[in-house]
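For reference, the structure discussed in these notes is given below.
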Amino acid sequence: VKPAAFAYHAPRRLGEALSLLASLGEDARPLAGGQSLVPMMNMRIARPSHLVDLNGIDELAFIREDTDGVEIGALTRHEEIERSALLERRCPILPGVARTIGHYAIRTRGTLGGSLGLADPAAQWPLVAQLLEARIAVESASAARSLAARDYLCGVFTTALQPGELVVGVSFPVLAAREGWGYRAFTRRHGDFAIVAAAATLALAADGTVEHLRLALGGMGGVPLALSPPADAAKGVTPDERWIRDIAALASAATDPPADVQASAEFRRELAQMLVERALADALARAKETR
Ligand SMILES: Cc1cc2nc3c(=O)[nH]c(=O)nc-3n(C[C@H](O)[C@H](O)[C@H](O)COP(=O)(O)OP(=O)(O)OC[C@H]3O[C@@H](n4cnc5c(N)ncnc54)[C@H](O)[C@@H]3O)c2cc1C
């Protein structure tokens with residue numbers, strides 16, 4: 001399998017890449033880690049006439065703290081997120097989840113921006129972006145804008161990106177002092193994309209009751225689903241196994257998953273319940289550790 005012929009461009013600056021994308025039009029595609037785009041080109045599912053390689057643009061590869069949280073450049077590899085001491089301290093769900101993506105070789109090439117550019121509904125970064133209400137920074141040759149994850153993710157492999165626009169970075173909030181996280185996925189084989197995945201954060205108040213809960217599910221529809229359990233079921237409750245089971249049942253009941261060759265809707269709902277339970281149990285254990 002070989003790709004159809006294409007012209008290759010290797011800009012060194014973001015401005016140069018954006019000008020190329022603007023002038024080359026819809027036949028041009030940005031290339032990041034190539035872990036999804038190159039196989040699609042080899043199978044001729046994608047046939048761009050021009051590839052604009054982002055790999056030489058150092059200004060897109062960064063992890064830094066900003067006033068409200070952490071900001072990660074689009075060209076940052078999954079593996080760099082996995083071993084970032086700053087992220088481990090400020091937003092440990094990010095390195096924790098990065099470790100679960102594919103296999104090591106894929107993580108050394110695949111990027112945050114590429115994963116969000118692809119927008120696979122079962123992938124880790126779209127799910128975590130929904131969970132944490134991340135903001136996606138987007139630029140074209142003529143404008144820059146920042147989108148909430150829920151506005152950026154539009155459907156299966158579909159985003160709000162306009163022709164000529166690139167994801168340049170993503171801002172995530174930091175986790176609080178007594179806030180734990182959990183991520184659980186059901187895959188057919190180790191390293192595969194999830195069939196269903198659940199992510200959670202749970203912050204405890206000083207008296208051990210629930211201060212703040214976030215839940216999201218991947219693989220349950222066109223975009224990862226952020227769930228908000230009823231306020232009286234979460235805030236002020238002392239979390240235990242039974243509470244976790246109840247929240248997981250509420251979460252699963254709030255979904256309307258599709259059926260496909262991988263799983264029936266009913267099986268997905270069962271998976272959602274089990275994975276939310278496990279992700280919440282992990283989040284609770286981690287929240288207690290950080291007290
Ligand atoms: C065997 C295998 C297993 C995998 N398992 C998983 C998994 O378990 N979980 C998971 O999440 N992923 C998985 N992946 C995918 C991997 O995470 C890739 O990193 C990801 O799909 C795309 O990132 P990339 O940097 O390689 O992007 P590329 O393949 O280079 O690009 C992907 C798409 O995004 C566009 N794009 C790239 N950069 C930008 C940008 N900055 N702005 C806008 N659009 C952009 C491209 O034009 C293309 O359309 C797997 C891949 C393989 C090959």
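In each ligand, atom 1 is the first atom listed, and ligand 1 is the first ligand listed. All heavy atoms count here, side chains included; hydrogens, waters and symmetry mates do not.
For Gln273, the side chain to side chain contact (heavy atoms under 4.5 Å, CB included) test picks out Ala248, Ala249, Ser252, Glu277, with sequence neighbours left out.
No side-chain N or O of Arg77 forms a donor-acceptor pair with one of Thr108 less than 3.5 Å apart.
Taking the charged nitrogens against the carboxylate oxygens, Glu88 and Arg83 have no contact shorter than 4.0 Å, which rules out a salt bridge. Ion pairing between Arg12 and Asp53 fails under the 4.0 Å rule for side-chain N and carboxylate O.
In this structure, Arg107 forms no cation-pi arrangement with Tyr104, as its terminal cationic atom is not both closer than 6.0 Å to the ring centre and no more than 45° off the ring axis.
Sorted by chain and number, the residues within 4.0 Å of ligand 1 by heavy atom are Arg29, Pro30, Leu31, Ala32, Gly33, Gly34, Gln35, Ser36, Leu37, Leu54, Ala74, His78, Ile101, Gly102, Ile106, Gly110, Thr111, Gly113, Gly114, Ser115, Gly117, Leu118, Ala123, Gln124, Leu161, Leu166, Val167, Gly191, Asp192, Phe193.
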Full working for side-chain contact (heavy atoms from CB on, under 4.5 Å) between Glu211 and Arg178: CA-CA 9 Å; Glu211 174 79 29; Arg178 281 182 291 265; over 6 Å; no
